[in-house]
Student: 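There's a structure below that I have some questions on.
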Amino acid sequence: MGKLKKTHLILSDNKQNSFSNYTNSLQQEFKPSQWETATIESTDCNAVVLCTDGISDDLLPEKQMIFAQELYSTYSDLEAEERKRDLKRWLNEWPVPGHSDDKTIACLFKKGSSQ
C-alpha cells in the first residue's frame, strides 16, 4: 500500500495449471517466469502484506486490498506483543469452516503513516 497517487498494488501467483498445495517459491530451481514483481520507492510505500494461499484463497479478489488496508489500520500502531497476541487469536479463529491450509501473514508497516 502506498501513497503515490493513492494507488495500491496486488501481486499474486497464477493459479492456472497448478497442482493443489504446490508453492512455486519452494522449488529447488528459481524460475523468474513464475514470479510477479514490482519495484516501489520506499518513500511511496506505507505497508507490505504477504499472505500464504491459506489466507489469500479465502478472500474474494475484490476484498484483497480491503483486507490489507484493514490489517494496516488495525495493527500498524499497536505494540508488538499486543499485535502478535491478537493476530494469533484471529488466525486460530479463522472464519472459513473446515479450511485447514496453513495461514501465514508477514506485514511490514511504516510507523505513523495511517491511511
Side-chain angles (χ1 to χ4, degrees):
M1 297 187 324
K3 60 185 177 183
L4 184 63
K5 297 180 185 174
K6 303 242 184 233
T7 61
H8 302 92
L9 178 65
I10 294 177
L11 302 176
S12 63
D13 60 338
N14 181 351
K15 296 280 187 191
Q16 289 182 315
N17 302 320
S18 68
F19 179 73
S20 178
N21 284 330
Y22 189 76
T23 304
N24 286 330
S25 62
L26 299 178
Q27 289 186 41
Q28 245 180 338
E29 181 185 344
F30 174 70
K31 297 179 183 175
S33 63
Q34 295 176 329
W35 289 73
E36 186 176 0
T37 63
T39 302
I40 303 166
E41 292 293 326
S42 62
T43 55
D44 295 329
C45 185
N46 294 330
V48 175
V49 178
L50 305 170
C51 300
T52 58
D53 62 346
I55 292 175
S56 63
D57 285 355
D58 287 346
L59 302 173
L60 296 171
E62 64 271 15
K63 300 290 184 180
Q64 290 176 346
M65 186 53 66
I66 293 167
F67 174 80
Q69 290 170 322
E70 288 181 5
L71 265 176
Y72 179 70
S73 65
T74 302
Y75 295 109
S76 63
D77 291 327
L78 291 182
E79 293 298 321
E81 282 305 310
E82 184 179 1
R83 179 175 45 241
K84 182 175 154 182
R85 188 174 39 254
D86 193 56
L87 282 169
K88 278 185 177 182
R89 177 200 54 78
W90 180 68
L91 288 171
N92 285 328
E93 297 172 3
W94 190 250
V96 179
H99 190 170
S100 60
D101 199 358
D102 68 292
K103 292 163 189 60
T104 305
I105 299 177
C107 304
L108 300 171
F109 297 143
K110 187 184 290 184
K111 285 272 191 188
S113 300
S114 274
Q115 290 192 20

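Positions are given from 1 along the sequence.
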Student: Indicate yes or no: at least one non-hydrogen side-chain atom of Phe109 is less than 4.5 angstrom from one of Asp77.
Tutor: no
Student: Enter the distance from Ser56:OG to Phe67:CZ here, rounded to the nearest 0.5 Å.
Tutor: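 Ser56 atom OG to Phe67 atom CZ measures 9.0 Å (nearest 0.5 Å).
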Student: Distance from Met65 atom CE to Leu9 atom CG, nearest 0.5 Å?
Tutor: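 Interatomic distance, Met65 CE to Leu9 CG, rounded to 0.5 Å: 7.0 Å.
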Student: So, the side chain of Tyr72 versus the backbone of Lys110: is there a donor-acceptor pair under 3.5 Å, distance only?
Tutor: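 Looks like yes, one N/O pair under 3.5 Å.
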Student: Is the shortest heavy-atom distance from the side chain of Leu50 to the side chain of Thr104 under 4.5 Å?
Tutor: no
Student: Give a yes-or-no answer on whether the side chains of Tyr75 and Asp86 include a donor-acceptor pair shorter than 3.5 Å.
Tutor: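 Per modelled atom types, Tyr75 and Asp86 side chains form a pair under 3.5 Å.
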Student: Is the shortest distance from a Lys or Arg side-chain nitrogen in Arg85 or Glu81 to a carboxylate oxygen in the other one below 4.0 Å?
Tutor: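 Salt bridge absent between Arg85 and Glu81.
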Student: Quick check for you: to the nearest 0.5 Å, what is the distance between Glu82 atom CD and Leu87 atom CG?
Tutor: 10.5 Å
Student: Could you tell me the separation between the CG atom of Asp58 and the NZ atom of Lys63, rounded to the nearest 0.5 Å?
Tutor: 14.5 Å
Student: Going through the distances and angles, do Leu108 and Val49 end up as a side-chain contact (heavy atoms from CB on, under 4.5 Å)?
Tutor: CA-CA 7 Å; Leu108 300 171; Val49 178; over 6 Å; no
Student: Under the 3.5 angstrom rule, does the side chain of Ser73 hit a backbone N or O of Glu70 as a donor-acceptor pair?
Tutor: yes
Student: Between Cys107 and Val48, is any pair of side-chain heavy atoms under 4.5 Å apart?
Tutor: no
Student: My understanding is that only one of Asp57, Ile105, Asp102, Asp101 makes a side-chain contact (heavy atoms from CB on, under 4.5 Å) with Thr52; could you say which?
Tutor: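 Exactly one candidate clears the test, Asp102.
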Student: I'd like to know whether CD of Glu62 has more than 12 heavy-atom contacts from other residues, nucleotides or ligands below 6.0 angstrom.
Tutor: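 Count over threshold, so yes.
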Student: Please say whether more than 12 non-hydrogen atoms of neighbouring residues, nucleotides or ligands are located less than 6.0 Å from CD in Glu79.
Tutor: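 Count not over threshold, so no.
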Student: Is there a path of hydrophobic side-chain contacts, each under 4.5 Å between heavy atoms of I, L, V, M, F, W or Y residues, that connects Val96 with Ile66?
Tutor: no
Student: Just verifying a value: how many Å separate Cys51 SG and Gln64 CD, rounded to the nearest 0.5 Å?
Tutor: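 So the SG of Cys51 and the CD of Gln64 are separated by 8.5 Å.
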